[in-house]
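One structure below.
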Amino acid sequence: MARIVGGFGISHTPSMGLEYDKGLAQGFSPRWQKWYDGTRGVKAWLERAAPDRMIIVYNDHLNHFDFSAYPTMAIGVAPEFRQADEGWGLRPFPSLVGDVDLGWHLTEKLVRGGYDLTVCQDLAVDHGIYSWLPYLMDLPWTIPVVPVAINMVRHPIPTSERLHQFGKDIRRAIDSFPGEDRIVVVGTGGMSHQISGARFGIANETLDHYFLEKLKDETEELVAIPQEELMRLGGTEAAELAIWFSMRGALSDKVKEVHRYYTFPAITGCGVVVYEEPA
Amino acid sequence: MARIVGGFGISHTPSMGLEYDKGLAQGFSPRWQKWYDGTRGVKAWLERAAPDRMIIVYNDHLNHFDFSAYPTMAIGVAPEFRQADEGWGLRPFPSLVGDVDLGWHLTEKLVRGGYDLTVCQDLAVDHGIYSWLPYLMDLPWTIPVVPVAINMVRHPIPTSERLHQFGKDIRRAIDSFPGEDRIVVVGTGGMSHQISGARFGIANETLDHYFLEKLKDETEELVAIPQEELMRLGGTEAAELAIWFSMRGALSDKVKEVHRYYTFPAITGCGVVVYEEPA
Amino acid sequence: MSNSIPFNLDPPGTYLYTGQMATKGFKLTRFGLSLRDPANRERFLKDEAAYMREAGLNEEEIRLVLARDWTGLIEAGGHLQAMLKVAATVGQNLWHIGAHNAGMEVEELMRICPRTVSALPEGEK
Amino acid sequence: MSNSIPFNLDPPGTYLYTGQMATKGFKLTRFGLSLRDPANRERFLKDEAAYMREAGLNEEEIRLVLARDWTGLIEAGGHLQAMLKVAATVGQNLWHIGAHNAGMEVEELMRICPRTVSALPEGEK
Ligand SMILES: [Fe+3]
Ligand SMILES: [Fe+3]
């Protein structure tokens with residue numbers, strides 16, 4: 001039977017990706033250098049974890065979907081997922097390899113289990129994944145991925161409870177996936193930040209550290225925080241932290257934290273935490 | 001507080017609409033005349049019920065959505081919903097009037113209550129609604145509508161249990177909708193039929209009558225029937241009967257059946273049943 | 001059971017449309033649905049093969065469409081609703097698809113429809 | 001609390017994007033997102049007003065875009081992510097939107113960011 005060997009939560013922002021490209025070309029700014037250094041442990045862990053497949057719960061930022069039909073939860077099931085043009089051209093990275101088999105398996109289990117997934121056989125992925133993948137995984141990218149996009153751009157968004165339960169149900173679905181494959185589950189969403197309104201630039205590092213500290217063992221306590229409260233204290237985009245609950249829910253109570261890093265380069269809290277399942 | 005005054009379940013098929021147009025122009029075929037006569041009681045009831053708003057749970061047949069992004073459950077929230085061109089041109093009917101206020105209210109309650117709706121601010125509606133609305137409601141169509149589209153074109157489809165619960169949760173959402181408006185809830189899906197494979201044309205009238213007979217008071221018994229069983233006995237498209245459960249779930253235990261009709265004009269069971277809430 | 005219609009969901013009686021079918025027939029279905037647009041219907045009718053090649057269909061899929069092999073198309077993952085658009089565009093309809101699937105002439109199929117069966121879920125009579 | 005950032009979600013500090021905003025700003029958002037396509041960016045830059053009229057925007061919305069009135073656009077229901085595409089197309093960026101929203105110059109905003117606050121959910125310290 002397939003099994004989840006670990007997972008990580010990680011922030012994403014457009015600048016995280018653009019600064020990386022710029023850094024490669026003309027040297028990294030000190031603010032951002034720290035972040036790329038701080039995530040090297042994730043890359044090392046990922047190589048050790050050697051996943052055969054990955055599930056990435058993320059959010060789109062109106063870069064693929066639009067309001068003609070905006071899904072609360074969408075799953076990508078296709079042989080590949082191209083990069084979305086966010087309005088300033090494509091970055092020099094290839095498409096993601098899609099995991100059709102695991103994608104349909106999850107779709108079957110999750111839809112029949114009460115999740116109303118929109119199934120995308122054609123999906124372009126934005127900085128929600130592209131802003132961190134390039135420095136966590138060497139090219140060529142060969143590990144097939146199932147992306148799951150959660151609505152965070154317009155309220156109502158799904159509750160923290162539901163996203164946490166979603167992770168648990170992903171885990172249950174994996175239990176019945178045939179084979180011996182090793183699976184890593186990622187949850188990615190911004191930490192404290194707000195990028196519109198007069199509160200633009202709000203930075204609550206205290207909140208972010210508190211979140212990283214509690215995620216592993218005091219998950220329920222974090223899940224119980226109203227999303228309004230996360231937004232009030234950490235900025236509207238801090239609501240994306242709820243996506244991390246899906247990753248946490250997909251892992252067991254027995255995980256070990258093997259890496260954690262946090263910095264605040266510009267206008268967004270940048271954090272990462274890696275959990276590993278016992279062998 | 002707004003309240004649901006009743007609802008109905010009704011079949012839909014493309015021919016039901018096309019034969020109606022043909023009938024108006026050059027006289028009705030006897031097979032179909034029966035159906036239009038049999039639904040007159042629904043029209044009369046609808047006039048008496050005088051709804052201020054309507055919720056219609058239906059399914060699209062790859063006429064609006066496609067597999068680039070096919071939603072398990074989609075809600076339309078827009079000022080109008082145009083008719084979908086199914087591949088043989090538009091029929092001479094106007095767009096539906098959309099109910100933006102009720103649409104967002106339902107979206108808020110249902111998404112926060114654990115339904116992962118894809119919200120459509122631009123939606124074209126196919127024969128799922130257009131094949132019966134023209135003879136149940138005089139023009140101009142003024143009652144604003146919230147359409148909810150359920151995936152029935154590709155498995156996995158949502159379970160009968162979930163669709164039934166969905167109706168109950170629609171009812172709960174209406175309880176908190178301000179005003180005194182009268183609301184009618186419709187569930188529409190084909191009865192026994194299968195339109196591909198060597199079993200093309202299968203007609204299980206026994207099953208359809210059984211369904212119509214039990215829907216009001218023995219709902220749970222019907223809900224418990226595996227959808228595979230419905231398809232095995234009534235043809236693959238009989239799975240659409242599960243949509244009727246959402247209508248039933250939105251109504252109370254105290255409804256009175258005020259109209260029922262059934263016929264089998266060609267290759268699809270055509271049935272309708274109307275339930276009215278006590279005053 | 002009339003017309004010996006089997007009470008199971010196996011081919012050739014039934015082609016259940018699953019995710020795997022949707023992956024296999026993704027381009028075929030997309031092509032069929034493109035014919036919801038009148039302008040595309042016109043372009044397709046002008047040169048069927050050219051239109052399909054542009055839509056990314058492979059040679060086998062193109063052959064199936066040109067042959068109006070509705071059963072083969074459904075087996076190849078073309079969704080019935082999408083193949084129905086193809087049929088409508090070339091002047092055929094649901095009955096042609098059904099007859100091809102059922103292995104009979106359209107007239108014969110129309111004559112025996114509705115193919116009445118009578119059965120209730122297990123444990124009911 | 002630095003920069004006197006309020007811990008609430010009211011305007012002008014925060015514009016929560018709700019369904020009602022999405023209805024109000026549907027065309028505006030759709031217009032902004034159309035600029036994800038390079039060809040549209042080019043067409044827009046050639047004649048902004050003409051492009052916007054074709055996109056169905058009303059005169060007030062067009063005026064707001066021409067004035068780069070990012071705050072007015074957000075109040076009109078233009079989603080930030082969509083307005084960001086407009087900004088990028090006209091050579092501005094997120095900082096310009098933020099500065100306009102915060103009522104200061106870009107340089108000033110950049111200087112005071114990150115605008116550190118420190119607070120935990122109620123009952124925590
Ligand atoms: Fe984000
Ligand atoms: Fe149908």
Side-chain angles (χ1 to χ4, degrees), chain B residues 13-15 60-68 70 84-90 124 126 152-157 192-207 209-211 214 221-222 224-226 228-237 239 264-269, chain C residues 2-3 5-9 11-19 21-23 25-26 29-30 32-38 41 70-71 74 79-89 93-95 97-104 109-110 112-122 124:
Chain B
T13 87
S15 40
D60 169 77
H61 306 76
L62 285 169
N63 285 314
H64 174 69
F65 302 107
D66 63 42
F67 288 149
S68 63
Y70 209 90
D85 185 338
E86 305 203 9
W88 35 84
L90 293 175
D126 73 358
M152 287 286 151
V153 298
R154 185 199 54 220
H155 293 271
I157 61 176
S192 80
H193 70 304
Q194 179 163 325
I195 54 175
S196 68
R199 297 209 311 165
F200 182 100
I202 186 173
N204 192 338
E205 303 191 36
T206 315
L207 178 70
H209 282 294
Y210 167 88
F211 186 90
K214 299 215 171 220
E221 195 180 316
L222 292 182
I225 300 171
E228 275 223 338
E229 186 79 352
L230 288 178
M231 294 192 286
R232 216 169 57 77
L233 302 174
T236 41
E237 276 66 59
F264 204 109
I267 44 172
T268 50
Chain C
S2 81
N3 308 313
I5 292 181
F7 281 136
N8 66 49
L9 298 174
T14 298
Y15 300 95
L16 213 60
Y17 204 82
T18 60
M21 290 302 274
T23 290
F26 180 64
T29 298
R30 188 178 59 184
L33 296 183
S34 75
L35 301 177
R36 293 176 298 190
D37 179 340
R41 295 201 280 272
W70 306 117
T71 311
I74 286 171
H79 192 285
L80 183 269
Q81 298 289 353
M83 295 307 98
L84 186 51
K85 312 308 182 201
V86 183
T89 304
N93 60 39
L94 191 59
W95 290 98
I97 299 178
H100 196 275
N101 287 179
M104 46 181 97
L109 181 63
M110 291 183 97
I112 63 169
C113 272
R115 298 163 79 181
T116 308
V117 297
S118 181
L120 288 176
E122 261 166 53
E124 302 288 330

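By convention in this document, chain letters (A, B, ...) are assigned in the order of the sequence lines, proteins followed by strands, and residues within each chain are numbered from 1.
Chain C forms the most heavy-atom pairs under 4.5 Å with one residue out of B/I157, B/I195, B/T268, B/T236, and that residue is B/I195. For the set C/I97, C/T18, C/D37, C/L94, the entry with the most heavy-atom pairs within less than 4.5 Å of chain B is C/L94. The candidate with the highest count of non-hydrogen atom pairs below 4.5 Å against chain B, out of C/Q81, C/R36, C/M83, C/M21, is C/R36. Each of B/I225, B/N204, B/L230 has some count of heavy-atom pairs under 4.5 Å with chain C, and the biggest count is that of B/N204.
Checked by atom type and distance alone, the side chain of B/E228 never pairs as donor or acceptor with a backbone atom of C/L9 at under 3.5 Å. In terms of modelled atom types and a separation under 3.5 Å, the side chain of B/R232 and the main chain of C/F7 share a donor-acceptor contact.
Closest approach of C/G98 to B/F200, counting heavy atoms only: CA-CD1, 3.3 Å. Shortest non-hydrogen contact noted between B/S196 and C/L80 is CB-CG, 3.8 Å. Summarising the geometry of B/T206 relative to C/L120, their closest heavy-atom pair is O-CD2, 3.8 Å, with the distance given to 0.1 Å. Summarising the geometry of B/E229 relative to C/P121, their closest heavy-atom pair is OE2-CA, 3.5 Å, with the distance given to 0.1 Å. Between C/F26 and B/S68 the shortest heavy-atom distance is CE1-N, 4.2 Å. Heavy atoms only, all atoms of each residue included: C/A88 and B/G87 are closest at CB-O, 4.4 Å.
With a 4.5 Å cut-off on non-hydrogen atoms, B/H209 does not touch chain C at all. For C/T14, the parts sitting under 4.5 Å from any heavy atom of chain B are the backbone and the side chain alike. Heavy atoms closer than 4.5 Å to chain C are found in both the backbone and the side chain of B/E86. Both the backbone and the side chain of C/A119 come within less than 4.5 Å of a heavy atom of chain B.
Aromatic ring pairs are classed by plane angle as parallel below 30°, tilted from 30° to 60° and perpendicular above 60°; the pair B/F67 and C/H79 is perpendicular.
Side chains of C/L84 and B/H61 form no contact here, defined as non-hydrogen atoms less than 4.5 Å apart.
Between C/R30 atom CZ and B/L62 atom CG the span is 14.0 Å, to the nearest 0.5 Å. A distance of 12.5 Å separates OH of B/Y210 from OG of C/S118, quoted to the nearest 0.5 Å.
A salt bridge links B/D85 with C/R41: at least one charged nitrogen is closer than 4.0 Å to a carboxylate oxygen.
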